[in-house]
Amino acid sequence: MNEQRDATSGQGRLPGRPAPAERARLRAVLDALPEPVLLIGAERRIELANPAAIELLGPGLEGTQALAHLRQPETVAVLEAGFNRLSDPTAPKGPFEARKIVSTASSETIYRLTVAPLSPEVGFAGLMVFFHDISHVEEAEQQRRDFVANVSHEMRSPLTVLAGFIETLRGPAKDDPVARENFLSIMEREAQRMTRLVSDLLSLSKVESSEKVRPRAPLSLSEVLHATLAALRPIIEDAGIRADFTDLPDAAPIPGDRDQLVQVFHNLIENSVKYGGNGGRIEIVMARAESVPGMSGPALRVSVRDFGDGIDPIHLPRLTERFYRVDGHRSRAMGGTGLGLAICKHIISRHRGKLTIRSARGEGSTFTVFLPCA
Ligand code: ADP
């Protein structure tokens, strides 16, 4: 029998547990909620735990002491504040919120725990405890902080160089035309580096803000590749490497943003020359892909392959992150900003396409872009 006890409650002499009929109704409601919810009685025992709460905290919760499962000091404090409010209606009425971290061997999830004292109308004294997953919010906040720190770091070194040389040109090198020329060309290079960084940052923010709107205008991918290769011809020739392009001239037009796709292939081909050019040649192959995992229909595939040093597999999962570089010195020396692949990833995702990277040390790298046909 489900005994009814009186809690010393500020809500009159309300029972500290739900009556059987009330309990069944509450269970039906709680079970329908997608996020973990606990109902705790005035005796601090868990009366009800919905399936999401059982998945989070483990089985056998009902009937046990709530504080045994919610032991972090911050969560204990909000539960105590909730119980306090139950027994004393003049106590602060909340909101009672705490941050709770749930760790497993492979992951860590951060929840905002909200404790809500039930209103007297439900007929018993108890607390409802909600768990709201805020991991993605905290992660976004951390990414924003990292981004600001990275941008500041990238800007600081060219600015330091410029400030240093201005001082030198005003003082010791004032009357030395050879040194002046030398310093001015270094200053020019650093100024160009900042210009590239600012222009990549603007591209990134533009692509991110347009990412939800899928481009519709039909374009010829073959023409995009021809134009990109023509623009990169001087760089390819300077590097003394061969570029082989296997075209698919009769491919039907696909929906796309021409400038953005030029930017994608410009970045990928330029990278293959910059980082893989010592292999002596690069290959660009355009083909049709009837089925691509993760995509619903046929796609056009463009792979950009080099035969250079390749990339250690440990770097591959992070390569498209902003400012991620395998070798920061080498990238900066080549005028890289560390944003190229991040921009590519966003543009391809705006086109509902896919980017895959295959590489092995000493065997070169292949960057493949899949773009949906319709
Ligand atoms: P960056 O401005 O540094 O070139 P990207 O985002 O274009 O920035 O590339 C990120 C990093 O990925 C580069 O710094 C480089 O270390 C690595 N990378 C990109 N493409 C290649 C490639 N074809 N071969 C070897 N490493 C590459």
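Counting starts at 1 for both ligands and their atoms, in listed order. Worth knowing before you read on, the calculation uses all heavy atoms, side chains too, and leaves out hydrogens, waters and symmetry mates.
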Q) Side chain or backbone of F367 under 4.0 Å from ligand 1, or both, or neither, by non-hydrogen atoms? A) side chain

(Q) Heavy atom to atom 9 (O) of ligand 1, shortest distance: which of L341, T366, I357 holds it? (A) L341

**Q.** Between Q142 and D146, a side-chain donor and acceptor under 3.5 Å
**A.** yes

Q: Take the angle between the ring planes of H226 and F245 and call it parallel below 30°, perpendicular above 60°, tilted in between.
A: perpendicular

Enumerate donor-acceptor pairs with a distance under 3.5 Å from any side-chain N or O in residues 273-280 to protein atoms, sequence neighbours excluded.
unit_1, atom_1, unit_2, atom_2, d
N278, ND2, D309, OD1, 2.9
N278, ND2, D309, OD2, 3.4

**Q.** Side-chain donor-acceptor pair present, T114, H132, cut-off under 3.5 Å
**A.** no

Q. Should one rank G338, G279, A342 by closest heavy-atom distance to atom 8 (O) of ligand 1, which comes out on top?
A. G338

Q | Residue and atom name of the nearest protein heavy atom (relative to atom 10 (C) of ligand 1), distance in Å to one decimal | A | Y324 O, 3.4 Å

Q | Proximity flag G308 to ligand 1, non-hydrogen atoms under 4.0 Å | A | no

**Q.** Protein heavy atom at shortest distance from atom 12 (O) of ligand 1
**A.** L319 CD1, 3.5 Å

Q. How about S349 and E211: does a side-chain donor come under 3.5 Å of a side-chain acceptor?
A. yes

Q | Under 4.0 Å to a heavy atom of S365 - the qualifying atoms of ligand 1, by number | A | 24 (N)

Q | From I311, L316, N271, T337 - option closest to atom 27 (C) of ligand 1 by heavy atom | A | I311

Q | Option passing side-chain contact (heavy atoms from CB on, under 4.5 Å) with L339 (candidates N150, N267, V151, L197) | A | L197

Q.
For the residue pair T246 / E283, report whether a side-chain donor-acceptor contact shorter than 3.5 Å exists.
A. no

Q) Applying a strict 4.0 Å limit to heavy atoms, is K274 in contact with ligand 1? A) yes

Q) Less than 3.5 Å between some nitrogen or oxygen of G340 and one of ligand 1, yes or no? A) yes

(Q) Could you identify the single nearest non-hydrogen protein atom to atom 4 (O) of ligand 1 and state the distance to 0.1 Å? (A) Y275 OH, 2.6 Å

**Q.** Nearest-contact summary for atom 16 (O) of ligand 1 - protein heavy atom, Å
**A.** V326 N, 3.1 Å

Q.
Is the contact between D306 and ligand 1 made by the side chain, the backbone, both, or neither, using heavy atoms and a 4.0 Å cut-off?
A. side chain

Q: Would you please name every residue forming a salt bridge (Lys or Arg N to Asp or Glu O under 4.0 Å) with R71, sequence neighbours left out?
A: none

Q) What protein heavy atom sits nearest atom 3 (O) of ligand 1, and how far off is it? A) S331 OG, 2.6 Å

Q: May I ask you to check whether Q192 and R189 show a side-chain donor-acceptor distance below 3.5 Å?
A: no

